[in-house]
Amino acid sequence: MDTTGNRQQHSKPTFAELFTPKLVTVFREGYGAAQLKADAISGLTVAIVALPLSMAIAIASGVSPDKGLFTAIIGGFIVSAMGGSRFQIGGPAGAFIVLVAATVSREGVEGLILATVMAGVILIAIGYLRLGTYIKFIPYPVTVGFTAGIAVIIFASQLNEMFGLTLPGKEPGPLLPKLMALAKAAGTVNVSSVAVTALTIATILALKRWRPNWPGMLIAVGVGSIVVALLALPVETIGTRFGGIPRTLPWPALPVFSLDKAMSVLPDAVAFALLGAIESLLSAVVADGMTGRRHRSNCELVAQGFANIGSALFGGICVTGTIARTATNVRAGAYGPVSGMLHSAFLLAFMLLAAPLASYIPLAALAGVLAVVAWNMVEKQAFAALIRSSRGDALVLTVTFLLVVFRDLTEGIVVGFALGALLFIDRMAKSVAVEAEVPLAQEDVADTTNGGRHAYEASDAGDAGTVIYRISGAFFFGAASTVGAVLDRIADQRKNFILDCSRVPLLDSTAANVIEGAARKAGKAGVRFFITGASPQARRMLITHGVRQPEVSYAASVAEAVELVRAEKAT
C-alpha cells in the first residue's frame, strides 16, 4: 500500500511554501492576456476610489496629501507583490488617523517616519515567527466595537473642516476637549464649507443609489471642486493650505535615527504594528469570504512590514490592508495581486498627469468623503446583534467602543480582549456537565432492546450528494478559524450539508458569524444547509446573527434532516 501521497498531503508546509507570495502562485497557475485585462480593469477601478481617499486620510492624519499618495503607491505595490492574500489592496487607512495624528503632534513628521519603519520591522518579526495566527483569536465583539469607535473618531476629526471653523489655537486630539473647542468656535461657521460638504455627501449617496458602479467619491470631489472654482467660494483647498502636490515621487531616504528618538516613538511603533496586523488580516478575511480563497496570515504580515518600511523611505505614512478598497477590488473582477500592483501604477500616473488639478480640491469635500467612510465603517447590523445576543458580548462590545473613543485604541483592544477571555472562561465553567450512572465501558445490549430500530437500508451507508459534519465541544472565537476553514469546503460537489451541533455546549457570536458566512456561501452555491441538534441558546445566537430560513433549515437530529433530504428527493 502506497502511503506517500497521504504523507505529502498531510505534511506540514515548508518555510518557503508558507512565505511564497500569492503573486508567484498566480503566475504558476498560468497568467495570460485575459487575466491581465481583468486585473487592469479592477486596478483602475480601485485607483479611482483610492485617489481621493488617500489624500483625505493623509490630511486628517496631520500630514500633507502627497504623503497619502506616496503611501498608496509604494506601500500598496509592495503589499500586492509580496503578500499572502490574493486580493489585498494596501494603502493608508482611516483606522490609523488618530494614531498618526497623535504621533505627528508629539514627535513630528520625522518621528512618524521612524515609528513607521520600526512598525514594519515588528510586523516582519511577527510574520517570520509565525505569530500572525494568534491575531485571529481577537473576539468578534472587540473588532466590531473597535471599528465603530474608530469611525466615531474619524467623523469627529472632520467636523472642523466640514463646518469651516476658525479655532484660536490648535485643535485638541481627545474627543471631549475637541468637541468643547469646536462648540466654542461655533460662531465662525463657514456656510460655504457646510454647503460643499453637504453637496459632496449628497452626490456620493445619490450615485451609490442610482449609479452604484460609478466612482462616487471621485465624482463628488470633482463636483465640489468645480462648484468652488466657478463660484469663487471662500473655502480652503489643497492649494491654499499645502500649495498643491508634487508631480514626481521623492528620492528614498532613511529617517533620522537616534536611540533616544527610537525609544520615544517605540510605543507608537508597537501600536502601528498591532493595529496594522489586525486591520490587514481582517481585510484579508473579508476577501476570503467574498472569493472562497484562503490567505496566509504570516506571509501577509511580512509583506505589510516591508510595505511600511518602503512607504516610510519615500516619506509616506503607515500602510495596512484596506477593507473597502479590497472589497472593491474583488467586486471589480480582480484575478490576482497584479490588480493591486496596477492600482499603484495608475495612482502614480494620476499624480504625474493631474497633480496641478489637485490644488483645486476643497478640504470640505474631502471631509465629506471621510464622513461617508466613517458611516460605512460602522457594522450597524453586527453592533445591534451583539447588543441583543448576550450581556457578556454586549459588555465586551461597549467597553471596547468606549475605550477606543474616549481613551486609546490599543487600550480598547487589550481590555476588550481580556474581557472576552474572562467571559469565555466563565461560559466554559458554566458549560461543564457531569453524567451520572454511566459506566466507563459500555456493556453489550441485545438488538431487541435497541429502541427505535428499523430495517437496514443501503442508502444509510452514505449519500454522494450529502455530507454530515459534527462539531463537538465549545465553538467559540478561539476555534472559529479552524472550524471556518473546514466549513469553507462545504460547497465541493455537494447538494446537501448537515451540520450537527448536538455536542456543542457553547456557541458564541464569533462562531455564529462563521456559520452565517458558511450558510451564505452555501446558498450562493445552491447547497441545502441543515443545522441539527442545536441547543436553545445556540439556536437563539444563530438566529440573532441572521442564520435563519431560507438560508438554513433546523432539525432536531441528523436522522430527521436525512429524512427531509429523502422526502425532497422523492417529490
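Using modelled atom types, no side-chain atom of Thr237 and backbone atom of Pro362 make a donor-acceptor pair closer than 3.5 Å. The closest donor-acceptor contact from the side chain of Thr200 to the backbone of Val196 lies under 3.5 Å. In this structure, Arg293 contributes its side chain and Asp288 its backbone to no donor-acceptor pair below 3.5 Å. Asn298 places a side-chain N or O within 3.5 Å of a backbone atom of Gly132 that can act as its donor or acceptor partner. Within the 3.5 Å criterion, the main-chain N or O of Val46 finds no donor-acceptor partner in the side chain of Thr328. The closest donor-acceptor contact from the side chain of Arg86 to the backbone of Tyr335 lies under 3.5 Å. Of the possible polar contacts, none joining the Asp66 side chain to the Pro246 backbone as a donor-acceptor pair under 3.5 Å is found. Put simply, the side chain of Lys22 never gets that close to the backbone of Glu300: no donor and acceptor are under 3.5 Å apart.
A salt bridge links Arg520 with Glu516: the distance from a Lys NZ or Arg NE/NH1/NH2 to an Asp or Glu carboxylate oxygen falls below 4.0 Å. A salt bridge links Glu171 and Lys178; the closest N-O separation between the charged side-chain nitrogens and carboxylate oxygens is under 4.0 Å.
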If you look only at distance, which donor and acceptor atoms sit under 3.5 Å apart when one is on a side chain in residues 138-159 and the other is two or more places apart or in another chain?
from, atom 1, to, atom 2, distance (Å)
Thr143, OG1, Tyr140, O, 2.8
Thr147, OG1, Thr143, O, 2.7
Ser157, OG, Ile154, O, 2.6

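Counting heavy atoms from C-beta outward, Asp39 and Tyr31 have side chains that approach closer than 4.5 Å. The shortest side-chain heavy-atom distance between Glu161 and Leu366 does not fall under the 4.5 Å cut-off.
The two residues Pro21 and Arg296 have their closest heavy-atom pair at C-NH2, 4.2 Å.
Using cut-offs of 30° and 60° on the angle between ring planes, the pair Phe529 and Phe497 is tilted.
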